[in-house]
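I have placed the structure first, in the form of structure tokens, so that the comments after it can refer back to it.
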Amino acid sequence: MENTDLAQALAEMADLLELSGGNAFKVRAYRQAAELIDTHPVPVAQLLAAGTLEDLPGIGAHIRQHLADLLAHGSFPELDAVRGQVPEGLLEVLRVEGVGPKTALAAWKGLGITTVDGLEAACRDGALAGLPRMGAAKARNIQKAIERYRGRRGRVLLHRALPVAEALVRHLAKVKGVEQAEAAGSLRRRKETVGDLDLVVAAKDAAPVMAAFRTAPDLVSVEASGPTRATGRLRSGLQVDVRVVEPDVFGAALHYFTGSKAHNIAVRTRAMKAGLKLSEYGLFDARGKRLAGRTEEDVYRAVGLPWIPPELREAQGELEAAERGRLPDLVELDDLRGDLHVHTRASSDAKSTLDEVAGEARALGLAYVAITDHTRSRPLGLDDAALAAHAKAIRAADAKRHGGPRLLAGAEVDILGDGSLDIADEVLDGLDLVVASVHQRLNDAREVMTARMVKAARSGHVHVLGHPSNRQLGTRDASDFDLEQVIAAAKPKHVALEVNAQPDRLDLTDQACRLAKAEGVPVVISSDAHHAGQLENLRYGVWVARRGWLEKKDVLNTLPLEKLRARLAH
DNA sequence: GCCGTTTTCGGCCCGACTGTTTTCAGTCG
């Protein structure tokens, strides 16, 4: 069992306890331990062996024992016991946004509902609305949330799919005779969510690869299996397609299975116009002679194009740009010099200390980090005086550090309902960096939300608009606002827009990045880390930026600190 | 269940928002 699986078991324990009316603090203890483990870089098995597991904050003797039991037999007694008390389907009901333990419990005890389907029926026929403290509006909202929930089922967030795909690729790459193995599909294009995994393997003899696939870790069923291709399903529910090809045509196959479909059609049409034929088996001339296939570069070259990065392959103008030699020189993770949105334990529910954040940033080679804790409108947020004191503490810590990163005193302030900020101007003006974000009244009407953001952008006290759309992938739709108006307001004030790299936000979107670039408004790629380990999430933000055609020059935190300061000045 | 200690029990984040109510319960972050 890996950390993710262990975390899932603890999270399930938390959900079940909550549904069986357990102590709320106990529930939280399990949930916090689950979150900690899910993002912890070292395998729990290793910590357990070293005897240092209980050093982690939030892991005590009981949970340590539970983890040991999980590693030994996949479960622990308390989990088994509570599983027997609550219908299994009720856990899924909790996944619906707006449905918490109380609602789920009331639906179960009051109406015998134990599934999402049952809940939906009860929303429709009015049974749910008849329960105490329920009503028509509530039922309507839950029904809508169920639709959203269904919409996201089947697609997995990139950060969940990526390690799974990488593990499968490693597994197949080890097979004797395999020359190359790679994950293709939307995962390779770094789309924010992934529907299934497409693995392409180059080997002269396919049989050993297929045999190895059938014994791949986490594979629960094989739904189709022929001599060179197979389809299976993983424990997570994700479908995996494997295709084995001759090494001579690996490039053509990789190109074909990477897509997108629209991009493939565009390239194939281009080949046809030149009298050529393109398929996953290579590029052929009219007489059927293979002209290219070993690498993607060969394939593109044979149709008169430079290699196009997978993130751009969406038939959104990349062929035309390639033809004219105008492909963007896409930003890379190594280009980032700093992170401008990081939380610490000083406020909010973040977990790490200033030192831990600085240590992690250093390990990642970052030259600067802006500490941007929440302000007074958030639970535990800092008020004017506390923020000023916090800034002083950050600067003191910065002065004491040797060898980087530099620590910038910042804040993530709230954009209030009327578009004003929740911290006094003179306090904000004493900071190095101000991120302004909407955290409340996310469903304001389009004009109202646009006006709030425009006012914040024009305030003269803000450097970055944080997670501008407020979406959360699979659970919360983006707020309704006019991005173009916000961009237009940001530009003269030198306010940058954030690509929030939290894997379930990725906000701005790729398309919004492209719009910002077209209007000449810079972007910053920020982790919004609530735990030092989450600084690594910056890579997800980089991929969004790449999908949005952004180059190094479009991203402000690729600048050295002094140049960044100059660009952010008002 | 964890943690810290006034060191083995008592506290553990709390405010905004929504929809239900007419003062508040549930959910979320």
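Owing to the predicted nature of the structure, the values given are computational and were not obtained by experimental measurement. Here is the naming used below: chain letters follow the sequence lines, and residue numbers restart at 1 for every chain.
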With the side chain of Gln472(A) defined as its heavy atoms from C-beta on, choose the nearest nucleotide among dC17(B), dC2(B), dG29(B).
-> dG29(B)

Phosphate-side-chain proximity, Asn23(A) and dG1(B), N/O vs OP1/OP2 below 4.0 Å | no

Per the side-chain hydrogen bond (donor to acceptor under 3.5 Å, both in side chains) rule, which among Glu120(A), Arg95(A), Glu92(A) passes with Tyr149(A)?
-> Glu92(A)

Do the side chain of Arg133(A) and the base of dC24(B) come within less than 3.5 angstrom through a donor-acceptor pair of N or O atoms?
-> yes

Determine whether more than 12 heavy atoms belonging to other residues, nucleotides or ligands lie under 6.0 Å from atom CG of Asp125(A).
-> yes

Answer with base, sugar-phosphate or nothing: what part of the nucleic acid does Arg476(A) contact at a heavy-atom distance below 4.0 Å?
-> sugar-phosphate

Whole-Å distance separating the CG atom of Asp444(A) from the C1' atom of dA16(B) = 13 Å

Give one of base, sugar-phosphate or nothing for Pro132(A), where a contact means two heavy atoms less than 4.0 Å apart.
-> nothing

Check the distance between dC13(B)'s P and Asp373(A)'s CG and give it to me in whole angstrom.
-> 16 Å

With the threshold set at 4.0 Å, does a side-chain nitrogen-carboxylate oxygen contact exist between Glu97(A) and Arg148(A)?
-> yes

Assign Lys138(A) to base, sugar-phosphate, or nothing according to its heavy-atom contacts below 4.0 angstrom with the strands shown.
-> sugar-phosphate

Atom CZ of Arg441(A) to atom C1' of dG15(B): distance rounded to whole Å?
-> 15 Å

Polar side-chain atom of Arg471(A) near backbone of Leu506(A) as donor-acceptor pair, under 3.5 Å = yes

Residue pair Met13(A)/Gly135(A) against DNA chain B: nearer the 5' end by closest nucleotide is Met13(A)

Taking for each residue the nucleotide of DNA chain B with the nearest heavy atom, is it Arg505(A) or Met134(A) whose nucleotide lies nearer the 5' end?
-> Met134(A)

Output yes when at least one side-chain N/O atom of His439(A) is less than 4.0 Å from OP1 or OP2 of dG29(B), else no.
-> no

Picking from dC12(B), dG29(B), dG26(B), which would you name as closest to the side chain of Phe25(A)?
-> dC12(B)

Please state whether the phosphate of dG1(B), meaning OP1 or OP2, lies under 4.0 angstrom from any side-chain nitrogen or oxygen of Gln65(A).
-> no

Would His467(A) and His439(A) count as a close aromatic pair, with their ring centres under 6.0 Å?
-> yes

So what does Ile59(A) hit on the nucleic acid, given a heavy-atom distance under 4.0 Å: a base, only sugar-phosphate, or nothing?
-> sugar-phosphate

Near DNA chain B, which residues from residues 106-131 of chain A have a heavy atom under 4.0 Å away?
-> none

Could you give the CG-to-P distance, from Asn500(A) to dG29(B), as a whole number of Å?
-> 14 Å

Do the two ring centres, one from His341(A) and one from His343(A), sit under 6.0 Å apart?
-> yes

Establish, from distance only, whether the side-chain atoms of Asp422(A) and Thr375(A) form a donor-acceptor pair under 3.5 Å.
-> yes

Answer yes or no: does a side-chain N or O of Ser377(A) lie under 4.0 Å from OP1 or OP2 of dG15(B)?
-> no

From CG of Leu56(A) across to C1' of dC3(B) the rounded distance in Å is 14 Å

